[in-house]
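Working notes for the structure below.
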Amino acid sequence: MFNIQLILKNVSSTNRVSIMDSSFEMELDDPIAILIDICEVFEISESIVFLVSGFGQEQWPVDCRTDLLTVIEQIPFILKKISKNDFSFQLDFYEQGIEHLLIFEEENNQVRVSCVSHTDWTPDEAIYIEKDKVLMMFEHFYYHFLKSSQILCPTLADHILLNDWKKGWK
């Protein structure tokens, strides 16, 4: 089985983190600059649990600061492909320490998901997931990211630089 999710723990005023206004420049910055700060807030607040499991590893050693950032930047592209009924894509956990590549391929009206490790870890064999469950998994992940951003750092979540990224898959 494969699972990827964001869980928002109980948030109190002590969990909310103010980071210095980065004074983003429209001509020089892009959505990744905002996503970096959001993931930093998630990490510092300790209010977000980023869970990834599967292929024989019950809980991948991922964090919000680096691993979530590398994943969330890929999600709009993945959702765009899925919205066109194209279930062939990759999700790359390329940060040092994880270095896993998930390969999604449509096969017999299901999605075959295999994991390639670029470390000493050997993943279990490929699994099959129904298309609607793949869509639901990535949509939930994306919407939980947006919802959590609104709760923990609404100024960043509403930043104009993030607008195109938010609607990029529709």
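The model shown is predicted, which means the values in this text are computed figures rather than measured ones. Numbers here simply count residues along the sequence, with the first being 1.
The two atoms that bring S114 and A126 nearest to each other are CB-CB, 3.9 Å, heavy atoms only. For the pair G97 and T119, the tightest heavy-atom approach, listed with the atom from each and the gap, is O-CG2, 4.3 Å. E43 approaches C64 most closely through the heavy-atom pair OE1-N, 2.9 Å. In plain terms, the two heavy atoms of Y94 and E99 that are nearest each other are O-CG, 4.1 Å.
Side-chain contact check for K131 versus N85: some heavy-atom pair is nearer than 4.5 Å. Here the side chains of S47 and L8 are in contact, with some heavy-atom distance below 4.5 Å. Put simply, the side chain of I82 reaches to within 4.5 Å of the side chain of F87, judged on heavy atoms. A heavy-atom distance below 4.5 Å is not found between the side chains of I98 and V52.
Note on L68: it clusters hydrophobically with I151, by side-chain heavy-atom contacts below 4.5 Å among ILVMFWY residues. Transitive grouping of hydrophobic side chains (ILVMFWY, heavy atoms separated by less than 4.5 Å) brings I32 and L146 into a common cluster. At a threshold of 4.5 Å between side-chain heavy atoms, the hydrophobic network of Ile, Leu, Val, Met, Phe, Trp and Tyr places I103 and F55 in two separate groups. The hydrophobic cluster containing Y143 also contains M137, counting ILVMFWY residues as joined when their side-chain heavy atoms lie under 4.5 angstrom apart, directly or transitively. If you chain together hydrophobic residues whose side chains sit under 4.5 Å apart, L6 and Y142 fall into the same group.
Under the 6.0 Å cut-off for aromatic ring centres, F104 and F89 qualify, their centroids lying closer than that.
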Between L35 and L162, is a side chain to side chain contact (heavy atoms under 4.5 Å, CB included) present by the stated rule, with each step listed?
CA-CA 8 Å; L35 294 174; L162 213 53; 3.9 Å; yes
Criterion side-chain hydrogen bond (donor to acceptor under 3.5 Å, both in side chains) on D158 and Q150, from CA distance to verdict
CA-CA 8 Å; D158 291 334; Q150 278 294 335; 2.6 Å; yes
Check step by step if side chain to side chain contact (heavy atoms under 4.5 Å, CB included) holds for F93 and L101.
CA-CA 6 Å; F93 289 78; L101 176 66; over 6 Å; no
Begin with the C-alpha distance, continue with both residues' side-chain angles, and end with the deciding distance and a verdict on side chain to side chain contact (heavy atoms under 4.5 Å, CB included) for F50 and I72.
CA-CA 11 Å; F50 178 33; I72 199 64; over 6 Å; no
Is there a side chain to side chain contact (heavy atoms under 4.5 Å, CB included) between T122 and S117 once you walk through the steps?
CA-CA 7 Å; T122 303; S117 176; over 6 Å; no
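In this pair, W121 and W60 present their aromatic rings perpendicular. The plane angle is above 60°, beyond the 30 to 60° band. Between W165 and F145, the ring-plane angle classifies as perpendicular under the 30° and 60° cut-offs.
Under the side chain to side chain contact (heavy atoms under 4.5 Å, CB included) test applied with I4, the options V62, L91, I75 reduce to a single match, L91.
The list of salt bridge (charged side-chain N to carboxylate O under 4.0 Å, His left out) pairs with a residue in residues 81-95, not counting sequence neighbours, reads K81-D86. Applying the side-chain hydrogen bond (donor to acceptor under 3.5 Å, both in side chains) test to pairs two or more places apart or on separate chains, those with a residue in residues 62-72 are E40-R65, D63-T66.
With respect to K9 and E46, no salt bridge is recorded, no charged nitrogen being found less than 4.0 Å from a carboxylate O.
Counting heavy-atom neighbours within 6.0 Å of N108 CG, excluding the residue itself, gives a total of 12 or less.
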